[in-house]
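Shown next, in C-alpha coordinates, is the structure this report addresses.
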Amino acid sequence: SQELEQSPQSLIVQEGKNLTINCTSSKTLYGLYWYKQKYGEGLIFLMMLQKGGEEKSHEKITAKLDEKKQQSSLHITASQPSHAGIYLCGADNNNDMRFGAGTRLTVKP
Amino acid sequence: GAVVSQHPSWVICKSGTSVKIECRSLDFQATTMFWYRQFPKQSLMLMATSNEGSKATYEQGVEKDKFLINHASLTLSTLTVTSAHPEDSSFYICSARAYLAGSSYNEQFFGPGTRLTVL
(Lines give C-alpha, C1' and ligand atoms only; values in the text may rest on other atoms or scores of the structure.)
Protein backbone atom coordinates (compact mmCIF):
# COMPACT_ATOMS: atom_id res chain seq x y z
CA SER A 1 0.00 0.00 0.00
CA GLN A 2 0.97 3.61 -0.33
CA GLU A 3 3.29 5.05 2.31
CA LEU A 4 3.40 8.70 3.22
CA GLU A 5 6.34 10.31 4.91
CA GLN A 6 5.87 13.66 6.60
CA SER A 7 8.55 16.05 7.69
CA PRO A 8 9.30 17.50 10.07
CA GLN A 9 7.73 15.42 12.82
CA SER A 10 7.40 18.49 14.98
CA LEU A 11 7.93 22.18 14.51
CA ILE A 12 8.09 25.08 16.91
CA VAL A 13 7.93 28.55 15.39
CA GLN A 14 7.58 32.08 16.66
CA GLU A 15 4.31 33.80 15.88
CA GLY A 16 4.52 35.65 12.60
CA LYS A 17 7.05 33.30 11.02
CA ASN A 18 6.46 31.27 7.90
CA LEU A 19 6.76 27.51 7.84
CA THR A 20 6.55 24.57 5.47
CA ILE A 21 5.50 20.96 6.05
CA ASN A 22 6.28 18.28 3.49
CA CYS A 23 4.57 15.04 2.55
CA THR A 24 6.30 12.52 0.30
CA SER A 25 4.63 9.48 -1.16
CA SER A 26 6.11 6.14 -2.16
CA LYS A 27 3.70 6.03 -5.11
CA THR A 28 2.01 8.45 -7.46
CA LEU A 29 -0.59 10.49 -5.67
CA TYR A 30 -4.05 10.50 -7.21
CA GLY A 31 -5.59 12.50 -4.43
CA LEU A 32 -3.65 14.23 -1.67
CA TYR A 33 -5.48 15.66 1.32
CA TRP A 34 -4.32 17.96 4.08
CA TYR A 35 -6.05 17.92 7.46
CA LYS A 36 -5.51 19.69 10.74
CA GLN A 37 -6.25 18.01 14.04
CA LYS A 38 -5.96 18.56 17.72
CA TYR A 39 -5.51 15.22 19.45
CA GLY A 40 -8.76 13.94 20.80
CA GLU A 41 -10.74 15.91 18.27
CA GLY A 42 -11.88 15.30 14.74
CA LEU A 43 -10.10 16.17 11.54
CA ILE A 44 -10.50 19.57 9.93
CA PHE A 45 -10.31 19.36 6.15
CA LEU A 46 -7.93 21.94 4.71
CA MET A 47 -7.36 21.17 1.06
CA MET A 48 -7.35 18.46 -1.57
CA LEU A 49 -4.97 18.32 -4.53
CA GLN A 50 -5.29 16.10 -7.55
CA LYS A 51 -3.38 17.50 -10.49
CA GLY A 52 0.37 17.74 -10.93
CA GLY A 53 1.53 21.26 -10.26
CA GLU A 54 -1.72 22.18 -8.56
CA GLU A 55 -1.70 24.84 -5.88
CA LYS A 56 -4.50 25.89 -3.57
CA SER A 57 -4.74 28.53 -0.91
CA HIS A 58 -7.06 29.19 1.97
CA GLU A 59 -6.44 32.22 4.11
CA LYS A 60 -2.77 31.97 5.07
CA ILE A 61 -2.31 28.32 4.14
CA THR A 62 -1.08 27.23 0.71
CA ALA A 63 -0.69 23.65 -0.46
CA LYS A 64 1.09 22.45 -3.57
CA LEU A 65 1.40 19.14 -5.37
CA ASP A 66 4.54 18.68 -7.43
CA GLU A 67 4.46 17.90 -11.15
CA LYS A 68 5.38 14.28 -10.58
CA LYS A 69 2.56 13.93 -8.06
CA GLN A 70 4.69 12.32 -5.40
CA GLN A 71 5.29 15.22 -3.06
CA SER A 72 3.14 17.89 -1.50
CA SER A 73 3.99 20.84 0.68
CA LEU A 74 1.88 22.88 3.04
CA HIS A 75 3.01 26.43 3.66
CA ILE A 76 1.73 28.73 6.39
CA THR A 77 2.44 32.41 6.09
CA ALA A 78 2.72 34.64 9.16
CA SER A 79 1.81 31.86 11.59
CA GLN A 80 -0.54 32.50 14.48
CA PRO A 81 -1.24 30.56 17.68
CA SER A 82 -4.50 29.41 16.08
CA HIS A 83 -2.45 27.46 13.52
CA ALA A 84 -1.10 25.18 16.23
CA GLY A 85 -2.08 21.54 15.97
CA ILE A 86 -1.26 18.36 14.15
CA TYR A 87 -1.16 18.50 10.38
CA LEU A 88 -1.83 15.27 8.55
CA CYS A 89 -1.47 14.47 4.90
CA GLY A 90 -3.68 11.71 3.56
CA ALA A 91 -3.68 9.90 0.23
CA ASP A 92 -6.23 7.90 -1.67
CA ASN A 93 -5.18 4.26 -1.68
CA ASN A 94 -7.51 2.00 -3.66
CA ASN A 95 -10.68 3.54 -2.28
CA ASP A 96 -9.47 4.13 1.26
CA MET A 97 -7.31 6.83 2.78
CA ARG A 98 -3.95 6.40 4.47
CA PHE A 99 -2.19 9.03 6.50
CA GLY A 100 1.29 10.25 7.14
CA ALA A 101 2.64 10.27 10.67
CA GLY A 102 1.68 13.89 11.15
CA THR A 103 3.53 17.09 11.97
CA ARG A 104 2.95 18.67 15.36
CA LEU A 105 3.06 22.44 15.06
CA THR A 106 3.56 24.75 18.04
CA VAL A 107 3.35 28.50 17.54
CA LYS A 108 4.87 30.59 20.30
CA PRO A 109 3.21 33.96 20.92
CA GLY B 1 -21.47 19.79 3.64
CA ALA B 2 -21.73 16.16 4.58
CA VAL B 3 -21.75 15.33 8.28
CA VAL B 4 -20.60 12.18 10.01
CA SER B 5 -21.52 11.69 13.63
CA GLN B 6 -20.18 9.30 16.23
CA HIS B 7 -21.70 8.13 19.46
CA PRO B 8 -20.62 8.14 22.15
CA SER B 9 -17.99 10.86 22.04
CA TRP B 10 -16.25 9.26 24.99
CA VAL B 11 -16.68 6.08 27.01
CA ILE B 12 -15.02 4.55 30.04
CA CYS B 13 -15.44 0.85 30.62
CA LYS B 14 -14.07 -1.93 32.77
CA SER B 15 -11.63 -4.45 31.42
CA GLY B 16 -13.40 -7.45 29.94
CA THR B 17 -16.56 -5.64 28.90
CA SER B 18 -17.65 -4.82 25.36
CA VAL B 19 -18.20 -1.36 23.96
CA LYS B 20 -20.15 -0.38 20.87
CA ILE B 21 -19.41 2.78 18.90
CA GLU B 22 -21.85 4.07 16.30
CA CYS B 23 -20.99 5.99 13.17
CA ARG B 24 -23.70 7.68 11.14
CA SER B 25 -23.72 9.66 7.94
CA LEU B 26 -26.37 12.25 8.67
CA ASP B 27 -27.25 13.73 5.31
CA PHE B 28 -25.86 11.32 2.77
CA GLN B 29 -25.61 7.64 2.06
CA ALA B 30 -22.28 5.91 2.31
CA THR B 31 -21.69 2.53 0.76
CA THR B 32 -18.26 2.44 2.34
CA MET B 33 -17.24 3.47 5.83
CA PHE B 34 -13.86 3.26 7.49
CA TRP B 35 -12.66 2.85 11.06
CA TYR B 36 -9.39 4.37 12.21
CA ARG B 37 -7.58 4.21 15.52
CA GLN B 38 -5.29 6.87 16.86
CA PHE B 39 -2.95 6.52 19.82
CA PRO B 40 -1.55 9.59 21.60
CA LYS B 41 0.98 11.48 19.53
CA GLN B 42 0.47 9.15 16.59
CA SER B 43 -1.33 9.35 13.31
CA LEU B 44 -4.56 7.69 12.25
CA MET B 45 -4.19 4.02 11.43
CA LEU B 46 -6.80 2.37 9.25
CA MET B 47 -8.35 -0.59 11.04
CA ALA B 48 -10.98 -1.78 8.60
CA THR B 49 -13.12 -0.92 5.63
CA SER B 50 -16.81 -1.52 6.08
CA ASN B 51 -19.13 -2.10 3.14
CA GLU B 52 -22.89 -2.01 3.50
CA GLY B 53 -24.38 -5.48 3.60
CA SER B 54 -21.10 -7.36 3.52
CA LYS B 55 -18.26 -8.32 5.80
CA ALA B 56 -15.67 -5.76 6.71
CA THR B 57 -12.16 -5.93 5.36
CA TYR B 58 -9.60 -5.72 8.13
CA GLU B 59 -6.09 -4.39 7.90
CA GLN B 60 -3.20 -6.64 8.74
CA GLY B 61 -2.72 -6.97 12.46
CA VAL B 62 -6.28 -5.99 13.38
CA GLU B 63 -8.19 -8.79 15.09
CA LYS B 64 -11.57 -9.17 13.43
CA ASP B 65 -12.99 -11.14 16.36
CA LYS B 66 -12.03 -8.40 18.76
CA PHE B 67 -13.17 -5.45 16.68
CA LEU B 68 -16.56 -6.40 15.31
CA ILE B 69 -17.84 -4.18 12.54
CA ASN B 70 -21.39 -4.13 11.29
CA HIS B 71 -22.59 -1.97 8.41
CA ALA B 72 -26.29 -2.71 8.40
CA SER B 73 -27.47 0.29 6.42
CA LEU B 74 -26.15 2.98 4.11
CA THR B 75 -26.02 5.45 6.98
CA LEU B 76 -24.85 3.39 9.95
CA SER B 77 -21.74 1.41 10.81
CA THR B 78 -20.91 0.13 14.27
CA LEU B 79 -17.63 -0.91 15.84
CA THR B 80 -17.80 -3.17 18.85
CA VAL B 81 -14.67 -3.64 20.92
CA THR B 82 -15.15 -7.01 22.58
CA SER B 83 -13.53 -8.00 25.85
CA ALA B 84 -11.81 -4.65 26.03
CA HIS B 85 -8.41 -4.33 27.68
CA PRO B 86 -6.49 -1.24 28.75
CA GLU B 87 -4.32 -1.47 25.62
CA ASP B 88 -7.48 -0.91 23.56
CA SER B 89 -7.76 2.56 25.03
CA SER B 90 -7.50 4.90 22.10
CA PHE B 91 -9.26 7.46 19.97
CA TYR B 92 -11.46 5.81 17.35
CA ILE B 93 -12.51 7.79 14.28
CA CYS B 94 -14.93 6.69 11.60
CA SER B 95 -15.14 8.00 8.09
CA ALA B 96 -17.50 7.72 5.14
CA ARG B 97 -17.04 8.15 1.41
CA ALA B 98 -19.54 9.64 -0.98
CA TYR B 99 -19.84 11.38 -4.32
CA LEU B 100 -21.75 14.51 -3.47
CA ALA B 101 -23.58 16.67 -5.97
CA GLY B 102 -21.23 19.23 -7.44
CA SER B 103 -18.09 17.36 -6.44
CA SER B 104 -15.60 16.02 -8.95
CA TYR B 105 -14.27 13.28 -6.72
CA ASN B 106 -15.26 10.71 -4.13
CA GLU B 107 -14.91 12.66 -0.91
CA GLN B 108 -14.14 11.24 2.49
CA PHE B 109 -15.76 12.72 5.56
CA PHE B 110 -14.65 12.10 9.13
CA GLY B 111 -16.55 11.78 12.36
CA PRO B 112 -15.50 13.68 15.49
CA GLY B 113 -14.06 10.57 17.11
CA THR B 114 -14.73 8.49 20.22
CA ARG B 115 -12.31 8.37 23.09
CA LEU B 116 -12.28 4.94 24.70
CA THR B 117 -10.70 4.41 28.09
CA VAL B 118 -10.53 0.88 29.46
CA LEU B 119 -9.82 0.64 33.16
Side-chain angles (χ1 to χ4, degrees), chain A residues 1-12 21-25 29-52 54 56 58 65 69 74 84-106, chain B residues 1-7 9-11 23 26 30-51 56-62 69 77 89-100 103-117:
Chain A
S1 64
Q2 192 158 32
E3 291 187 5
L4 296 175
E5 191 172 312
Q6 274 187 249
S7 63
Q9 288 185 336
S10 65
L11 194 53
I12 302 174
I21 299 169
N22 293 302
C23 178
T24 303
S25 172
L29 291 160
Y30 293 101
L32 187 284
Y33 302 75
W34 284 101
Y35 292 90
K36 179 186 173 186
Q37 186 197 28
K38 294 188 177 182
Y39 178 71
E41 299 181 15
L43 302 181
I44 300 170
F45 173 75
L46 296 176
M47 275 168 276
M48 188 268 190
L49 304 166
Q50 278 184 303
K51 301 175 183 176
E54 187 175 10
K56 289 185 178 178
H58 177 67
L65 182 61
K69 296 173 64 176
L74 185 82
I86 302 167
Y87 289 81
L88 296 162
C89 64
D92 275 329
N93 176 67
N94 292 331
N95 207 38
D96 63 44
M97 188 180 294
R98 309 291 170 125
F99 290 90
T103 296
R104 182 179 298 272
L105 173 64
T106 302
Chain B
V3 178
V4 175
S5 71
Q6 279 184 243
H7 179 80
S9 56
W10 60 270
V11 57
C23 176
L26 296 185
T31 53
T32 306
M33 289 187 171
F34 308 90
W35 286 96
Y36 293 84
R37 179 169 54 184
Q38 186 180 32
F39 292 109
K41 298 188 178 181
Q42 294 187 24
S43 186
L44 278 71
M45 297 300 295
L46 180 65
M47 297 174 67
T49 301
S50 165
N51 293 297
T57 302
Y58 290 82
E59 294 298 302
Q60 193 172 7
V62 179
I69 293 173
S77 176
S89 298
S90 187
F91 192 55
Y92 293 87
I93 300 178
C94 74
S95 177
R97 281 216 166 196
Y99 262 112
L100 300 185
S103 176
S104 60
Y105 60 93
N106 205 10
E107 297 185 62
Q108 190 153 337
F109 304 94
F110 290 84
T114 296
R115 183 189 298 276
L116 170 64
T117 301

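In what follows, chains carry the letters A, B, and so on, assigned in the order in which the sequence lines appear, proteins first and then strands, with residues in each chain numbered from 1.
With chain B as the partner, the residue from A:G31, A:G42, A:G90 showing the most heavy-atom pairs under 4.5 Å is A:G42.
Contact of B:Y92 with chain A is not made at all, since no heavy-atom distance falls under 4.5 Å. Using a 4.5 Å cut-off between heavy atoms, B:Q38 contacts chain A through both its backbone and its side chain. Heavy atoms of B:F91 lying under 4.5 Å from chain A belong to its backbone as well as its side chain.
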message: Determine whether A:L43 and B:L44 satisfy the following criterion, side chain to side chain contact (heavy atoms under 4.5 Å, CB included), listing intermediate values before the conclusion.
response: CA-CA 10 Å; A:L43 302 181; B:L44 278 71; 3.9 Å; yes
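More than 12 heavy atoms of other residues, nucleotides or ligands lie within 6.0 Å of NZ in A:K56, so this atom counts as buried by the packing criterion.
A:Q37 has its side chain within reach of B:I93: a pair of non-hydrogen atoms, C-beta onward, lies under 4.5 Å apart.
Take A:R104 and apply the side-chain contact (heavy atoms from CB on, under 4.5 Å) test, not counting sequence neighbours, and it matches A:S10, A:I86, B:K41.
Between A:F99 and B:F110, a ring centre-to-centre spacing shorter than 6.0 Å is recorded.
Although no hydrogens or angles enter the test, the distance criterion places a donor-acceptor pair under 3.5 Å between the side chain of B:S43 and the main chain of A:G100.
Contact between B:Q108 and A:D96 at its shortest, heavy atoms only, is OE1-C, 4.3 Å.
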